[in-house]
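Data block below; observations after.
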4 protein chains.
Amino acid sequence: MRRVDMRTKMEESKRSAIKEKMLQSAEGIVEEEGFEGISMREVAKRSGYTPGSIYQYFENKDVLIRELIKSGYKRIMKAINQKLDEKMTIEEQIIQRFTSYIGAALNMREYYKAVMFSEDPKIIEMTAVLHSEESHEQRGINKLEKAIEKGMERGEFLKGDPTIIAKICWTANYGLLLRIIIEDIQDKKVIQELIQEQFRLLFQGLRKKEIIKWE
Amino acid sequence: MRRVDMRTKMEESKRSAIKEKMLQSAEGIVEEEGFEGISMREVAKRSGYTPGSIYQYFENKDVLIRELIKSGYKRIMKAINQKLDEKMTIEEQIIQRFTSYIGAALNMREYYKAVMFSEDPKIIEMTAVLHSEESHEQRGINKLEKAIEKGMERGEFLKGDPTIIAKICWTANYGLLLRIIIEDIQDKKVIQELIQEQFRLLFQGLRKKEIIKWE
Amino acid sequence: MRRVDMRTKMEESKRSAIKEKMLQSAEGIVEEEGFEGISMREVAKRSGYTPGSIYQYFENKDVLIRELIKSGYKRIMKAINQKLDEKMTIEEQIIQRFTSYIGAALNMREYYKAVMFSEDPKIIEMTAVLHSEESHEQRGINKLEKAIEKGMERGEFLKGDPTIIAKICWTANYGLLLRIIIEDIQDKKVIQELIQEQFRLLFQGLRKKEIIKWE
Amino acid sequence: MRRVDMRTKMEESKRSAIKEKMLQSAEGIVEEEGFEGISMREVAKRSGYTPGSIYQYFENKDVLIRELIKSGYKRIMKAINQKLDEKMTIEEQIIQRFTSYIGAALNMREYYKAVMFSEDPKIIEMTAVLHSEESHEQRGINKLEKAIEKGMERGEFLKGDPTIIAKICWTANYGLLLRIIIEDIQDKKVIQELIQEQFRLLFQGLRKKEIIKWE
DNA sequence: CATGAATGAGATTTCATTCAT
DNA sequence: CATGAATGAAATCTCATTCAT
């Protein structure tokens, strides 16, 4: 390893520290003033740099925003990548994962909204749920799918296509979260009730089934 | 009716024709460049007027956007205000209403997204689903609630709180629609499949019921 | 007198009634929002006409404003054209005239300020005080001059140039009024005290004269 | 002092040089077209910058105007903060101060008018004369008050309330100056005569004193 | 590498004025 | 004579981006 490489590497770590600082400043803006409040000026001011400096780290505003969204996405994902108690039923495991996910999302409302609403192709690549490309193994939706599959195998769940069922579960939860954020529901009890009811519906459904079965 | 009245009326209708033209120009922008592409300049250019002229018809940009969103909302609402076949089961009725709603939404994708994403208080007043104010009797969510209530009375559905269940059903569907739009899913077969699966999940749930275990 | 003349005359009186209405609307704006609040639009709205109509009566905005100021000036002048009690001393007469003038000015503060601050040559022609042209016999400053002259003749006042003394008295009072208006002094007691002190100073001066005389 | 400090200081001085340039451009506009001729565009054009650049130095137009007025006010104030000959009578001292003040004001006519006519609260705070807050010790009006007080103590002046008398003297002079400016009196002899007459009136008054009657 | 002044384009909005109806 | 839609110019202000230092 030549000296130049060393230097490059050290600078590289310093570089990303500065980038991180800038992204955090941007995040602060998002939470306070919403996503449209981001301006290069404001990011500069908050991070203690000057507008010109930002361009040393981000090619332009779009790139900055893209990275900002990416970092938010990663944080949400981290929330659901917890170890699960293997002794729980699949249903319980799914509920726990969703609960973590919901908690993370509601802790960064504006952010979640922005991430999950972005149409930037680079972002969609990460956040897409309905597309069937199996590229990103570690995405949340795949974990959900696996869990549902296992639930079917174990006889906990009705048989069906786990891929599509996972998508539906995910979008349902996504819709609820978004409305909570958009309508600015803050009352924790209300939120709790909504979420519980959602799980109930998801696992149990609306229809009174026994009757039908006995026919 | 005196002549003056006639003239007034004609002018009034001309006025709203022009407003309509401007709103349609704005709508065009939304569909092409998304909602943030709207600028008074661009609306003016597209509608063949000068920026100043727009202010003859809309007090300011906020008002224009609000009216734009309102008109989109009305179009969606019109779609679900159809007569229903009384002989259908409640489940079938609900599915039919949702299907109409989904069709309307997917016929004006950008628009739907904008309406359902707006945080303008005046718009939220129309679109809010989770807030419990019972003011707007004719809103879609209330119809859904009534239907679910009836389904419970008739013994079609499991007992529960129809208000909250309606909310969950609505947000689930909302989430699915939004992801279809954001991820730009165009394949009708795929969409169809997703929607059907959603209904199945909503009415039947994931969990294998006890009854089944007894078999 | 031919018929045409008749018609012209009648229309003429209607014309000036409408003009008056428009000017009054403008005056209302001045008092509420200050002189810069005047816009043709607003004048139109308040007078119940349309912007276009105003141009039937006033060539343009400048002309309207000029006439507006003129009408205000006339009102102030009317206030001082009262009959005076001939038995009063000249000093008393002057005080009475000034008091009327001050009262009128403070009843139309914004207006007075505008009139007395205008640099429009057409307005200056009316309001000028320092210019020595003796054109406008009926102007307030001339009355003041005459009174001072008479005061000197009667031995009430010290001898001097009544023309220039009148000017100084006038501008002194003008300065006080303007500051009261600009600094928005509303307390009547304070105003009263200032005015009285002004009269005392004007007639008596600062200097302790007897002492000096005896030396 | 480290190099960085040096650089900062130099840049700071460059900054204020540019601000100065912009303010001078604005001042030029005031002198040529009056105070309402100021527009950010015009200031930009005259100072050789673009409109946007001005916002690097002045938060907005109000701030620019405020600073413009302040700088004018300071210039006037500087004029009266001269040393006085202690051997002069109070009357002579007062006359000398007023004369300086008048000279400064007439050297920047449009400017003086603007400053003394501004209703911007921030400006009024500086220019207010009638308000009785004793906050700003160094304001011209306080010096005048002190002088009058001393004149009374020394027996030069008639007894009275020096505060209110100072106000009246000030507003009288203010009124004269303003009329000179508004009526655009340029003839120095005429001005001189007016000013002298004003002093005479101020110190001597109009009324023939009792003493004289005893003669 | 950082600075921050400067740019230039564009945003919203206001307004006097005109003119076909 | 009245209307009011339309204009066009101008105003203030914002912002991403560049570049000499």
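Within every chain, numbering begins at 1; the chains are lettered A, B, ... in the order of the sequence lines, protein sequences first and strands thereafter.
Nearer to the 5' terminus of DNA chain F, by closest-nucleotide assignment, is the contact made by B/Met22 (compared with the other of D/Glu59 and B/Met22). If D/Asp62 and C/Gly48 are placed on DNA chain F by their nearest nucleotide, the residue sitting closer to the 5' end is C/Gly48.
When rounded to the nearest whole Å, the span between CD1 of A/Ile54 and P of F/dC19 equals 18 Å. Per the geometry, CD belonging to B/Glu33 stands 14 Å off C1' belonging to E/dG10, to the nearest Å. A straight line from NZ of C/Lys45 to P of E/dC15 spans 10 Å, rounded to a whole angstrom. Straight-line distance from the CG atom of D/Leu64 to the P atom of F/dC13: 10 Å, rounded to whole Å. At whole-Å resolution of the value, CZ in D/Arg15 and P in E/dG4 are 9 Å apart. For the pair A/Tyr55 OH and E/dA5 C1', the interatomic distance rounds to 15 Å; values are reported in whole Å. Atom-to-atom, CZ of B/Phe58 to P of E/dT13 comes out at 13 Å; the value is rounded to the nearest Å.
Electrostatic pairing of A/Glu59 and A/Arg66 does not count as a salt bridge here, judged by no charged N lying under 4.0 Å from a carboxylate O. D/Lys113 has a carboxylate O that lies under 4.0 Å from a charged side-chain N of D/Glu110, or vice versa, which qualifies the two as a salt bridge. A salt bridge is absent between C/Glu31 and C/Arg109: the closest approach of a Lys/Arg side-chain nitrogen to an acidic carboxylate oxygen does not fall below 4.0 angstrom. Classification of B/Glu32 and B/Arg46 as a salt-bridged pair holds, one side-chain N sitting under 4.0 Å from a carboxylate O. Remark: C/Glu125 does not engage C/Lys70 in a salt bridge, criterion side-chain N to carboxylate O under 4.0 Å.
Nucleotide F/dT18 is matched to E/dA5 when pairs are restricted to Watson-Crick or G-U wobble geometry with both distances under 3.5 angstrom. A 3.5 Å limit on both hydrogen-bonding distances identifies F/dA11 as the Watson-Crick or G-U partner of E/dT12.
Dense packing is recorded around CD of D/Glu33, with more than 12 heavy atoms of other residues, nucleotides or ligands lying under 6.0 Å away.
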Are there any protein N/O atoms within less than 3.5 Å of an N/O atom in nucleotides 8-11 of chain F, and if so, which ones and at what distance?
residue	atom	partner	partner atom	Å
F/dA11	OP2	D/Arg41	NE	3.4
F/dA11	OP2	D/Arg41	NH1	3.2

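Relative orientation of the A/Tyr111 and A/Phe35 rings is tilted, given thresholds of 30° and 60° on the angle between their planes.
As judged by a 4.0 angstrom heavy-atom cut-off over every strand, B/Tyr49 is placed among residues touching the sugar-phosphate backbone only.
In this structure, D/Gln56 reaches the E/dA5 phosphate: one of its side-chain N or O atoms is under 4.0 Å from OP1 or OP2. In this model, the phosphate group of F/dA5 is not approached by any side-chain N or O of B/Tyr57 to a distance below 4.0 Å at OP1 or OP2.
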